[in-house]
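Down below is the structure, laid out as structure tokens.
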Amino acid sequence: MPKATLIREHPVARLTAVLVLLAGCLTGCDASAAQGISAPPPKPLAPCAWWYGIGKPPTADEIELAARRYDVVVLNADQTAAMRRLHQLNPRLKVLVYKDLSSTRNYPGAVDGGRDAAFLPSGIGYVAAQQQHPGWFAVDVKGRRIEWQGYPRHWQMTVWDPAYQQAWTDAVVAEVNREGWDGILADNDFNSLSHYSPAVLAGTANVAETDRKLRDGLDAFLSLAGDAFEQAGKLLVPNVSETHLVPGRWTAHSRFGGAMEENFGFREDGGTGGLLTFRSNEFQELRAQAALGESLLLLVTRTHNAREERAGYASAALLAGPRTCWTRATTDDYKNPEWSALQDSGLGEAVDAAGRLRNGVWTRTFTHGWIAVNPTASTKTVVPPEGLVKPGSPRPTPTPTTTTTPTSPTSTPAPAPLTLEAADAVILVDPPARVVRWIVRDEFRVGKLWAR
């Protein structure tokens, strides 16, 4: 995929222009109407697959499979050999390196023998910061450094400090250029420190002020780093959190190559409510980005059952575009190269924009299928198009060939309404290919051929 060529204008103004185009599509419309900002419009293909491969070093077999299966791969910084092999096997594949925006680390592997590792998970090494810039370690109101809870030896850094921002950017851009990565996955572009620590930053009065200081700092940080990566011809894709709480934040932070949503299709209220992604502004901003087709949407759905898998994949298909990629995550540590059978369902290309029905269900039609997502917290019904089946359905039984006179196929009954439970979805596709034949004396008459 080519590097994003984004127009330099205020991100919220740009978002508004796209949302105006999308507003007329709430009940379904020609996708080209929503994408008329550029010509020719990109094809809104079913979600591509990607691999968040940071859990462990990939094996040779996994690399071979990844080159065939994925459009985007994210690897740790020490996996340069794997990155080069992937590029060799599939030159179109985008391989990003993992880098943390907000922490430095001194666990084994990041610091060995009292020295920073040659390839870091962050932009600034712990030992280098300790020796040369101890002021880059964030401290709480009592002057104590802030270690992230649940992540030992991860230390919060002063992301609001222009000197830290510049040093991080210079180091990471130089590494990406030197090693040949396509760009970076910038982790921990977060909304609140509370996910990692209850600490209140020195110089702030409470948690709300702490979070505001971090958010403002990350806004400036992403702008500085994004400009540098863009000038280098590289992608900057931050892992942005909780953008439903801050209108415009997803749009602003995705403008340098895309963004990652690590909790896509997440169910609210401890697993009893609707889909959080559809709340507030976030889904509209994701739709706008997908419609533009200029940057990556890297979506992760944590799946523990078939319902979560369906809802995640179908919600990603509502955002179908040339750079919308989805993966499920069956583990918290990303140790497995993930794949879902739904990614083989063969939806094809979207032929309309995602539309919302009056009962809150979202639907979208593809060249070879149809999807519906119920993001609400209550059961809904929806009527599917006729003639479609669930992915993996068996091949239809051919019409018997023992009759000696032609018969006409029986009429297809109207589709029955489908019941969608809260936070659930349905994916329907063309039936498997079949051939229906009728015998006329000694000749064979070929009936209707269904083909994907």
Test side-chain hydrogen bond (donor to acceptor under 3.5 Å, both in side chains) applied to H195 and E242, step by step: CA-CA 11 Å; H195 298 296; E242 299 182 311; 3.0 Å; yes
Pair D189-R249, salt bridge (charged side-chain N to carboxylate O under 4.0 Å, His left out): steps then yes or no: CA-CA 11 Å; D189 180 12; R249 192 165 187 261; 3.1 Å; yes
Under the 3.5 angstrom rule, does the side chain of [X] hit a backbone N or O of [Y] as a donor-acceptor pair?
X    : Y    : value
N76  : Q79  : no
S345 : L342 : yes
S280 : E282 : no
S197 : I146 : no
S122 : T104 : no
E349 : T367 : no
R287 : A354 : yes
D269 : G271 : no
T324 : P47  : no
T169 : Q165 : yes

side-chain hydrogen bond (donor to acceptor under 3.5 Å, both in side chains) evaluation trace for S295 with S254: CA-CA 8 Å; S295 55; S254 66; 5.1 Å; no
What pairs with [X] under side chain to side chain donor-acceptor pair (under 3.5 Å), at least two apart in sequence or on another chain?
X    : result
R212 : none
W250 : Q289
E147 : none

Hey, are [Y] and [X] close enough side-chain-wise for a donor-acceptor pair under 3.5 Å?
X    : Y    : result
E338 : T330 : yes
S192 : D211 : yes
N374 : W362 : no

Pairwise distance OG1(T210) to CG(L193) - rounded to 0.5 angstrom: 7.0 Å
Spatial distance of atom CG (L235) from atom NZ (K94) [nearest 0.5 Å]: 6.0 Å
Locate the shortest heavy-atom distance separating [X] from [Y]; write the atom from each residue and the value.
X    : Y    : answer
Q343 : C48  : NE2-O, 4.4 Å
A311 : L275 : CB-CD1, 4.4 Å
V73  : A66  : CG2-CB, 4.4 Å
L297 : A290 : CD1-N, 4.0 Å

Which residues pass the salt bridge (charged side-chain N to carboxylate O under 4.0 Å, His left out) test with [X], sequence neighbours left out?
X    : answer
D161 : none
R85  : E64
D100 : R105
E209 : none

Any side-chain heavy atom of [X] within less than 4.5 Å of one from [Y]?
X    : Y    : result
V159 : L214 : yes
W370 : V382 : yes
P58  : W51  : yes
L75  : L86  : yes
L222 : L236 : yes
L224 : Q166 : yes
W155 : W148 : no
F229 : V172 : yes

Criterion side-chain hydrogen bond (donor to acceptor under 3.5 Å, both in side chains) on T379 and E421, from CA distance to verdict: CA-CA 4 Å; T379 300; E421 301 295 332; 3.1 Å; yes
Parallel, tilted or perpendicular: ring planes of H133 versus W136, cut at 30 and 60 degrees: parallel
Geometric class of the F221/W168 ring pair [parallel <30°, tilted 30-60°, perpendicular >60°]: perpendicular
Derivation of the ring pair (Phe, Tyr, Trp, His ring centres under 6.0 Å) call for F283 and F264: CA-CA 10 Å; F283 191 64; F264 183 75; 7.7 Å; no
Please list, one pair per line, the donor and acceptor atoms closer than 3.5 Å that link side chains of residues 173-181 to other protein atoms, with sequence neighbours excluded.
unit_1, atom_1, unit_2, atom_2, d
E175, OE1, K99, NZ, 2.9
E175, OE2, K99, NZ, 3.3
N177, ND2, V173, O, 3.4
E179, OE1, R84, NH2, 2.8

Aromatic ring proximity H154/Y107, centre distance under 6.0 Å: yes
Residues in ring-ring contact (aromatic ring centres under 6.0 Å, His included) contact with W160, at least two apart in sequence or another chain: none
By ring-ring contact (aromatic ring centres under 6.0 Å, His included) - contacts of F190 (at least two apart): Y196
Test side-chain hydrogen bond (donor to acceptor under 3.5 Å, both in side chains) applied to T59 and D61, step by step: CA-CA 5 Å; T59 65; D61 288 344; 5.4 Å; no
Residue pairs, two or more places apart or on separate chains, that pass salt bridge (charged side-chain N to carboxylate O under 4.0 Å, His left out) and touch residues 112-132: none
Neighbour count above 12 (heavy atom, 6.0 Å) for F266 CZ: no
Flag if over 12 foreign heavy atoms under 6.0 Å of NZ, K56: yes
Qualifying side-chain hydrogen bond (donor to acceptor under 3.5 Å, both in side chains) pairs, either residue in residues 297-316, two or more places apart: E262-R302, T301-W326, R302-Y334, H304-E308, E309-R328, E309-S340, R310-D424
Partner of W50 under side-chain contact (heavy atoms from CB on, under 4.5 Å), chosen from D71, L296, L93, V300: V300
